[in-house]
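We name chains A, B, ... by the order of the sequence lines, and we start the count at 1 in each one.
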Number of protein chains: 2
Amino acid sequence: MISQTEENYLKALYNLTYLKGEASVNEISKRLEIKMPTVNSMMKKLSEKGLVHYESYKPLKLTEEGKKEAALIIRKHRLTEMYLVEKMGFAWDEVHQIAEQIEHIHSPEFFTKMDQLLGYPTVDPHGSPIPDHNGVMRSESYIFLDTCKTGDVVTLMAVQPSSKELLQYLSAKDLELGTTLTILSIEPFDNSITVSYGDRTSAVLSSKVTATLLVRPIS
Amino acid sequence: MISQTEENYLKALYNLTYLKGEASVNEISKRLEIKMPTVNSMMKKLSEKGLVHYESYKPLKLTEEGKKEAALIIRKHRLTEMYLVEKMGFAWDEVHQIAEQIEHIHSPEFFTKMDQLLGYPTVDPHGSPIPDHNGVMRSESYIFLDTCKTGDVVTLMAVQPSSKELLQYLSAKDLELGTTLTILSIEPFDNSITVSYGDRTSAVLSSKVTATLLVRPIS
DNA sequence: CTAATAAGTTAGATTATACTAACAAAATAT
DNA sequence: ATATTTTGTTAGTATAATCTAACTTATTAG
């Protein structure tokens, strides 16, 4: 049995690791607003339960089982958000807090019914994919930046595969997850892409970089 | 702040006291399947919070505030049951477990929305009244047995006012809350009522008794 | 009315989840 | 390359909610 508290840690770890495959005690601590020693001991506990790979001083990863459990919680969260908006008439900015609570309800039938009433959606209206009932996240809703066309407007969602060097490179360019990019041009010779975002009116990204950036088209 | 656990104790106490105004540690212990010492210390805690009247070795009662809090939880439970049946297509026997969980969601907007979508119901399809948003239970859905007609079929819901003697009398006749009674005849002379229920094909209840029994008509 | 039974209480232990203080390791900056 | 800062860990404490064992009070049955 996984407690509500444990579920929150799994979800946090899932979301934090989605981009780079691993996360730190410190990151979880900040996200959940829980002190590091508490996070630390919870990670050991989840490790005993086979949900997290934990080794002293090393980055945290979810096990396959942990990933599945986390994805199923996120599935419940996103289905709930969809339901609240589509069937109950809530605005998108009102539903998160409610979904944070309903995601912990234990009732497969309840969420199956929601899914059915919603017509088996695969993405929520923000474009975030809804994992299926086996916890498998369709990643098709995110595409690699090197498959986009001139004029596309996209949001940076994930980096895959990830490396410290790449993350430092992106960080130096002020490219963060969630950044919206406009594709200004694509150089046919080497497939480098010129984009604008934030304060940058023009930045060139090599194909080596664009092949690792997962983005979600806007609109 | 009232914890989910505390809410469950309040609800149990509310339901147990609904008929006779008070309940015992033992009754709560049985209903919640929690040992008596645990119930005892929780009652002290709820007493400190002003929700329960607790005195050693005396019966338990809810304070006005405790009654209101409990009624609001029951409101959330019954609205949820209604919603699950009316709007999501669940059968009545499937909704209790789900409602037991959703009743603890903290979100006035969520339940207000449900209420609105259901058209502000005042009783659930079992005939149980739904307390209003101030925790006031309309008790009109229960009537005294002495106001019924020959041929009525009713369920015994509460006893008001209650006394030890009356409860012993009812107990001796195997008359419990929830018992379904069929009214066979009414004697005009003294208003005594002959009923059948369970294994008893015929039992006579005096008007003194029938004037204290609150019942819910079936159908 | 007393003896037996049931109900209520107290004391102390246990588990889950959080914390602070203190120390250790790793990363960073000069 | 070392000093400083950040991150991670350990140890010990706190609170909520549960339990068992032992004792007390109240109720019930002869």
When rounded to whole Å, the CD1 to P distance for the pair Ile34(B) and dT20(D) reads 12 Å

Check residues 52-61 of chain B and write down every donor-acceptor pair under 3.5 Å in which the side-chain atom is one partner and the other belongs to a residue at least two apart or another chain.
none

When rounded to whole Å, the CD to C1' distance for the pair Glu48(B) and dT15(D) reads 14 Å

Reckon Thr5(A) touches a base, only the sugar-phosphate, or nothing at all at heavy-atom distances under 4.0 Å?
sugar-phosphate

Quick note, Lys35(A) side chain, CB onward, closest among dT18(D), dT20(D), dC19(C) is dC19(C)

Show the distances under 3.5 angstrom between N or O atoms of the protein and N or O atoms of nucleotides 4-8 of chain C.
unit_1 : atom_1 : unit_2   : atom_2 : d
dG8(C) : OP2    : Asn26(B) : N      : 2.7
dG8(C) : O3'    : Tyr57(B) : N      : 3.4

Residue pairs passing the salt bridge (charged side-chain N to carboxylate O under 4.0 Å, His left out) test with at least one member in residues 195-205 of chain A, sequence neighbours excluded, are Asp174(A)-Arg200(A)

Sorted by chain and number, sequence neighbours left out, side chain to side chain contact (heavy atoms under 4.5 Å, CB included) with Arg31(B) holds for Ala12(B), Asn15(B), Leu16(B)

Atom CD of Gln4(B) and atom P of dT15(D) are separated, to the nearest Å, by 22 Å

For residues 99-115 of chain A, the side-chain hydrogen bond (donor to acceptor under 3.5 Å, both in side chains) pairs (sequence neighbours left out) are Glu7(A)-His104(A), Asn8(A)-His104(A), Lys11(A)-Glu100(A), Lys11(A)-Glu103(A), Arg75(A)-Asp115(A), His77(A)-Glu103(A), His96(A)-Glu100(A), Ser107(A)-Glu109(A)

Taken in chain and number order and not counting sequence neighbours, the residues that satisfy side-chain hydrogen bond (donor to acceptor under 3.5 Å, both in side chains) with Ser24(B) are Glu27(B)

When rounded to whole Å, the CG to C1' distance for the pair Asn8(B) and dT18(D) reads 14 Å

Tyr9(A) has its side chain closest, among dA18(C), dC19(D), dT10(D), to dA18(C)

* Determine, for Lys67(A) against Glu64(A), whether the closest basic-nitrogen to carboxylate-oxygen distance falls under 4.0 angstrom. => yes

Among dT10(D), dT10(C), dT20(D), the one nearest any side-chain atom of Pro37(A) is dT10(D)

From CE of Met1(A) across to C1' of dA16(C) the rounded distance in Å is 15 Å

